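Read through the structure below, which is laid out as structure tokens, and then see the notes.
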Amino acid sequence: MKACTLVIFGGTGDLTKRKLIPAVYHLVCDRKQLQNFRVLAVGRRPKTDDLFRSEIREDLKNDAGLQLTDKQWADLSPLLFYETLDFAADTDGYVRLEDRICHMERDEDINARLYYLAVGPEHFTGIVQNLSDKGMVGRDNGECFRRVLVEKPFGTSLQDATALNRHLVSLLDEKDIFRVDHYLGKEMLQNILAVRFGNAVFEPLWNHRHIDHVKIISNEILGVGGRGGYFDHAGVLKDMVQNHLLQMLALIAMEPPVQLDPESIRNEKVKVLQALRPFTSASAKTDLIRGQYGKGDIMNAEGDVQHLAAYRSEDRVDPQSVTETFIFLKTWVDNLRWGGVPFYLVSGKRMRRKETTIVIQFKPLSGMQPYPEFGNTAANRLVFNIQPREGFHFAVNGKSPETDWAMEEVIMEYCQSCRIDNNSPEAYERLILEAYRNNASLFARWDELYHSWRFIDGIHQIWQTETPKFPNYAAGGDGPETPLPDDVWNEDYRSCD
Ligand code: BG6
């Protein structure tokens, strides 16, 4: 296996300690899917390797809940290195960085590199420019690849994202750019294609003739925490919908790809994003609801009531902010397969519970109920539980035991995370592994981002003309009222907690 160095810009940041280093631990030390792999964390604060290692051990425990035994730590710590570099200002420092990486690589024949840009988007172009100027990217002979993983947010608007992309492709080959959307690394998102295309019962029904509507919901209990400075300029529309929710929508709505290779999959996803119907001022009035949390209460696991602050009182948030922390939108994919089927997207912060779920609601039996004895039968429903529980279930109707013909809804369920042997890899593990394997299907291509930004920009333009009345939902609740059909959540589905 070729040796590889993961060079992380933003090496002392939150993402590094909460997600990237734990992912490396699992990939290299635990699952042993990668060998000869090491991490060079690049950060502005001066530190030795030893200091970085001892700090990161504490961070893993406190921030990532990863408490390593001495034996586990002995496996991980020799893989971790640190280089001090002011990556924004110190252009010459990149020469030192290159020397350091070469020094680390000197014992290996084949040396591949993954550069991970875990920094604010304002630094992306500067870092890539420096890597390019110093000849640190672009030398791909197949094995000694130099791939660049770009964290989100990829831009803040269509114009900004286009400029960023133009800069990146002027310096890097498209095949070396891996635009991260960590939802694509989630195990159950990959299962969407498996369930759709691996079962004779679903694909023939996967269209407007049989599907009534689709709901894609991704809610969180957390507020904005320490990220108020970033979030107040983004809002949930750009933070969650532009990337994660639209990627889920694309996977649900896409046509079968010719093959399961990255380009075939991305070719089909982009057509869906291209077919999203833009909002107009009129449709925005009825089909778009934004919200912002006020203060509220939530019950913690111990049963104690916790008081939650309003969004406008959060750290580094404008006290008059009109940034949305909740969004509901009813949207349409205007093509032959999906004509007339609404897609409801919902995402909120400080909601009652954390959950990402996709509901495919089938149409009720057509015509009149064939047998009056059956009473009212529920329409069938296929539900993907993306997180925290992972699995999917199919709701069908069957006869209630000990009745003549009374019908009841029966849940046929696969709960992946309930399996005793199940220990699904975290999204970032998959992303690092697949970038190493050159599987770009778990990363967004530029044209996907172009069309999703175009859709999102359209909404923002409409919003410029109105001032919303915020706050309009209590932290820890269910968000503002929306015209969602049926229950958003049905506790009864959770048969397998
Ligand atoms: C990130 C957003 O992309 O996704 C965060 O920037 C959000 O605001 C996070 O909290 C949610 O990710 P997950 O995997 O916890 O659902």
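Each ligand, and each atom within it, is numbered from 1 in the order the structure gives. Nothing here was measured: the structure is a model prediction, and the numbers come from that model.
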Would you please name every residue forming a side-chain contact (heavy atoms from CB on, under 4.5 Å) with P425, sequence neighbours left out?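 By the side-chain contact (heavy atoms from CB on, under 4.5 Å) rule, P425 matches R31, E187, E429, R430.
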With ring pair (Phe, Tyr, Trp, His ring centres under 6.0 Å) as the test, would you mind laying out the steps for F326 and Y473 before giving the verdict? CA-CA 9 Å; F326 172 96; Y473 71 99; 5.7 Å; yes
side-chain hydrogen bond (donor to acceptor under 3.5 Å, both in side chains) against R179, all qualifying residues, sequence neighbours excluded: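 With sequence neighbours excluded, R179 shows a side-chain hydrogen bond (donor to acceptor under 3.5 Å, both in side chains) to N165, E174, given in chain and number order.
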With sequence neighbours excluded, tell me which residues meet side-chain hydrogen bond (donor to acceptor under 3.5 Å, both in side chains) with Q72.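 Q72 satisfies side-chain hydrogen bond (donor to acceptor under 3.5 Å, both in side chains) with Y25, T69 once adjacent residues are dropped.
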Measuring centre to centre across the rings, with the benzene-like ring taken for any Trp, is F154 within less than 6.0 Å of W453?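 Between F154 and W453, the centre distance exceeds or equals 6.0 Å.
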Between F202 and F394, is the ring centre distance below 6.0 Å?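 Distance test on ring centres: under 6.0 Å, yes.
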Write down, by chain and number, every protein residue that brings a non-hydrogen atom to less than 4.0 Å from an atom of ligand 1.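 Residues within 4.0 Å of ligand 1: K152, H182, Y183, K186, E220, R227, D239, M240, H244, K349, K354, Q387.
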